[in-house]
Amino acid sequence: MGAPTDPDEVVRLSAWVHGYVQGVGFRWWTRSRALELGLTGHATNTADQRVHVVAEGPRRAVSRLLELLRSGDTPGRVDLVVESWEDARGGMRGFEER
């Protein structure tokens with residue numbers, strides 16, 4: 001694995017998206033952006049009305065997805081995105097809405 005800021009290093013992002021993000025196509029939109037970026041993972045509704053996004057891929061692509069989640073150009077309304085970065089674990093195929 002490269003240096004911690006290597007843009008090609010494969011990483012995992014967990015992002016909890018707060019706001020009006022359920023029932024508005026947010027998971028579908030996230031899946032579309034993630035697939036365009038070549039990422040694997042999933043977007044899942046949580047019981048407390050958030051969406052949990054898990055994405056793996058090159059740091060530059062995962063960072064771009066995070067920027068898009070925070071862009072204000074999403075379905076619904078994003079009030080806050082809480083992020084957590086980890087080493088990639090692998091094992092995921094495609095990007096799913098759950």
Side-chain angles (χ1 to χ4, degrees):
M1 214 178 259
T5 58
D6 179 351
D8 295 319
E9 174 188 19
V10 177
V11 295
R12 175 182 281 230
L13 168 71
S14 289
W16 290 266
V17 184
H18 301 249
Y20 179 59
V21 291
Q22 290 192 11
V24 294
F26 186 86
R27 289 177 301 144
W28 176 88
W29 179 89
T30 301
R31 177 181 180 271
S32 294
R33 302 297 81 75
L35 290 173
E36 289 170 0
L37 292 165
L39 303 175
T40 60
H42 56 85
T44 308
N45 284 339
T46 65
D48 61 359
Q49 304 302 305
R50 297 179 297 167
V51 170
H52 181 212
V53 176
V54 176
E56 280 193 4
R59 181 178 294 278
R60 77 175 83 222
V62 176
S63 294
R64 178 65 183 137
L65 179 63
L66 182 60
E67 289 172 8
L68 291 167
L69 294 174
R70 290 182 166 147
S71 71
D73 192 26
T74 65
R77 183 192 74 246
V78 173
D79 295 332
L80 174 68
V81 179
V82 177
E83 67 188 88
S84 173
W85 293 87
E86 307 171 41
D87 292 333
R89 298 181 197 164
M92 295 187 285
R93 296 188 185 270
F95 199 96
E96 302 176 355
E97 294 175 60
R98 294 184 178 171

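Given the structure is predicted, the values throughout are model-derived calculations rather than measurements.
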* Structure fact -> Exactly one of Val21, Val78, Thr30 clears side-chain contact (heavy atoms from CB on, under 4.5 Å) with Leu69, and that residue is Thr30

* Does Asp48 CG have over 12 foreign heavy atoms under 6.0 Å away? -> yes

* Spell out, as yes or no, whether a donor-acceptor pair under 3.5 Å connects the side chain of Glu83 to the backbone of Leu13. => no

* Structure fact -> Distance col, row Arg64:CZ vs Glu67:CD, nearest 0.5 angstrom, shows 5.0 Å

* Asked: Side chain of Arg31, backbone of Phe95: donor and acceptor closer than 3.5 Å?
  -> yes

* Asked: Which pair of non-hydrogen atoms, one from Gly90 and one from Arg12, has the smallest distance, and what is that distance?
  -> O-NH2, 4.3 Å

* Structure fact -> Minimal heavy-atom distance between Gly25 and Pro75, with the atoms involved, is O-CG, 3.8 Å

* To do: Spell out, yes or no, whether Val82 and Tyr20 are grouped together once hydrophobic residues are joined by side-chain heavy atoms under 4.5 Å, including indirect joins.
  => no

* Mind telling me whether His52 and Trp16 have parallel, tilted or perpendicular rings, with 30° and 60° as the class edges? => parallel

* Please check if Val53 and Val11 belong to a single hydrophobic cluster, counting links between Ile, Leu, Val, Met, Phe, Trp and Tyr side chain heavy atoms closer than 4.5 Å. => yes

* Of Glu96, Arg50, Arg98, Arg27, the residue whose pairing with Thr44 passes side-chain contact (heavy atoms from CB on, under 4.5 Å) -> Arg98

* Do you reckon Met92 sits in the same ILVMFWY cluster as Leu65, going by side-chain contacts under 4.5 Å, direct or chained? -> no

* **Separation between CZ of Arg93 and OG1 of Thr40, rounded to the nearest 0.5 Å** => 10.0 Å

* Could you tell me which non-hydrogen atom of Val51 sits nearest to which non-hydrogen atom of Ala43, and how far apart they are? => CG1-CB, 4.2 Å

* Asked: Got a donor-acceptor contact below 3.5 angstrom from the Gln22 side chain to the Thr46 backbone?
  -> yes

* Structure fact -> Residues passing the salt bridge (charged side-chain N to carboxylate O under 4.0 Å, His left out) test with Glu97, sequence neighbours excluded, are none

* Counting only N and O atoms by type, is there a donor-acceptor contact under 3.5 Å from the side chain of Arg70 to the main-chain atoms of Val81? -> yes

* To do: Please indicate whether Trp28 has more than 12 foreign heavy atoms, meaning atoms of other residues, nucleotides or ligands, lying under 6.0 Å from its CH2.
  => no

* **Heavy-atom side-chain contact between Val62 and Glu56 under 4.5 Å** => no

* What's the shortest heavy-atom distance between Ala55 and Leu39, and which atoms? -> CB-CD1, 4.2 Å

* To do: Side-chain contact test, heavy atoms from C-beta onward, threshold under 4.5 Å: evaluate it for Val17 versus Thr74 and give yes or no.
  => no

* Give a yes or no on whether the backbone of Leu68 and the side-chain of Ser71 come within a donor-acceptor separation of less than 3.5 Å. => yes

